[in-house]
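Dropping the structure in here first, questions after.
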Amino acid sequence: LKLAFAGGAVTAAALVPFSPDARGRATASWSRVNAALAVAPVAPDAELVPSAFVSGQLDVEGIFSNVSTWAGAVRLQLAPGRNASGRVAVAGNLTLALRDGAWRLDGQPRLAGVVPARIAARGRLGGGAIASSTLGGAVRIAQTDLPALLAALRTIGIADTPADVV
């Protein structure tokens, strides 16, 4: 399957078994997908969306009706868009791994063009549903230029501070 999506290109393939408890497999890759356009249909009321062009790969296998059996990974490479009202620029790499009913998210994104971060989050998939998953881990923010951060937050619409506050 090849298609255009949110300004980018997607290629996907799947092996879907007829038996509900048989294992299947799905793979996909995508390039230059506009993250803000991709998020809009699933979160139309979101006040803040990512501004990035996303490329990546998905490779997962398991019983599709039971996420606790899934094993695989999703790898994202984000090229930053621009900060704007309701849009925060995101750049960097993220990897989501699934195995034995557990998930792990690792990455080193740069937020709003000024905040270097390190993410190491993990959890267990509860009852086979992603929404019932547990969450643990850390998000660490590295040294950040405060005037540049405040300027970015004003542009995004998160902070209402005078330009000369720092």
Joint cluster assignment, V39 & L105, ILVMFWY side-chain distance < 4.5 Å:
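No, no single cluster joins them.
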In Å, rounded to the nearest 0.5 Å, how long is the span from CD of Q108 to CG of L94?
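Between atom CD of Q108 and atom CG of L94 there are 10.0 Å.
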Only one of P80, P50, S51 passes side chain to side chain contact (heavy atoms under 4.5 Å, CB included) with V90, and that residue is P50
Can you give me every donor-acceptor pair (side chain of residues 143-156, partner residue at least two apart or in another chain, under 3.5 Å) with its distance?
{"from": "T144", "atom 1": "OG1", "to": "A142", "atom 2": "O", "distance (Å)": "2.8"}
{"from": "D145", "atom 1": "OD1", "to": "A148", "atom 2": "N", "distance (Å)": "2.7"}
{"from": "R154", "atom 1": "NH1", "to": "T161", "atom 2": "OG1", "distance (Å)": "2.9"}
{"from": "R154", "atom 1": "NH1", "to": "P162", "atom 2": "O", "distance (Å)": "3.4"}
{"from": "T155", "atom 1": "OG1", "to": "A151", "atom 2": "O", "distance (Å)": "3.0"}

So CG of L48 and CZ of R87: to nearest 0.5 Å the spacing works out to 10.5 Å
Determine yes or no for a side-chain-to-main-chain donor-acceptor pair under 3.5 angstrom, with W70 supplying the side chain and I63 the backbone.
yes
Would you kindly confirm whether L78 and V49 end up in one hydrophobic cluster when ILVMFWY residues are joined by side chain heavy atoms under 4.5 Å apart?
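Unlinked, L78 and V49 end up in two clusters.
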Using modelled atom types only, decide if a donor and an acceptor are shared between the side chain of N34 and the backbone of A6 within a distance under 3.5 Å.
no
Roughly how far, to the nearest 0.5 Å, is the CH2 atom of W103 from the CG atom of L135?
5.0 Å
Closest heavy-atom pair and its distance - A89, G81:
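In terms of heavy atoms, the two residues are closest at CB-O, 3.5 Å.
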Determine the minimum heavy-atom distance between G107 and P109, stating which atoms define it.
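So the two residues come closest at C-CD, 3.4 Å.
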Residues R118 and D106 bridged, charged N to O under 4.0 Å
no
Where is the tightest heavy-atom contact between W30 and V54, given as atom of each residue plus distance?
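The pair with the smallest heavy-atom distance is CD1-O, 3.4 Å.
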Kindly check if the number of other-residue, nucleotide or ligand heavy atoms within 6.0 Å of CZ (R23) is above 12?
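Yes, enclosed.
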Going from CD1 on I158 to CG on N83, what distance comes out if it is rounded to the nearest 0.5 angstrom?
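Here the rounded value is 9.0 Å.
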Show the nearest heavy-atom pair for residues F53 and R32, with the distance to one decimal.
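For F53 versus R32, the nearest heavy atoms are CB-NH1, 3.5 Å.
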If hydrophobic clusters are built by linking Ile, Leu, Val, Met, Phe, Trp and Tyr wherever their side-chain heavy atoms come under 4.5 Å apart, do L111 and L96 end up in the same one?
yes
OG (S68) and CZ (R99) are apart, to the nearest 0.5 Å, by 13.5 Å
Check: R124 side chain, D100 main-chain N or O, donor-acceptor pair, under 3.5 Å
yes
If I compare all heavy atoms of G113 with all of R110, which pair ends up nearest, and what's the gap?
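Closest approach of G113 to R110: O-NE, 3.3 Å.
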Grouping I, L, V, M, F, W and Y whenever their side-chain heavy atoms are under 4.5 Å apart, do L37 and L3 come out in a common cluster?
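The answer is no; the residues belong to distinct hydrophobic clusters.
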Side chain to side chain contact (heavy atoms under 4.5 Å, CB included) evaluation trace for E61 with T69:
CA-CA 8 Å; E61 64 178 287; T69 68; over 6 Å; no
Closest contact, heavy atoms only, V42 versus A38
CG2-O, 4.3 Å
So, taking the atom named CD in E47 and the one named OG in S85, what distance separates them when rounded to the nearest 0.5 Å?
10.0 Å
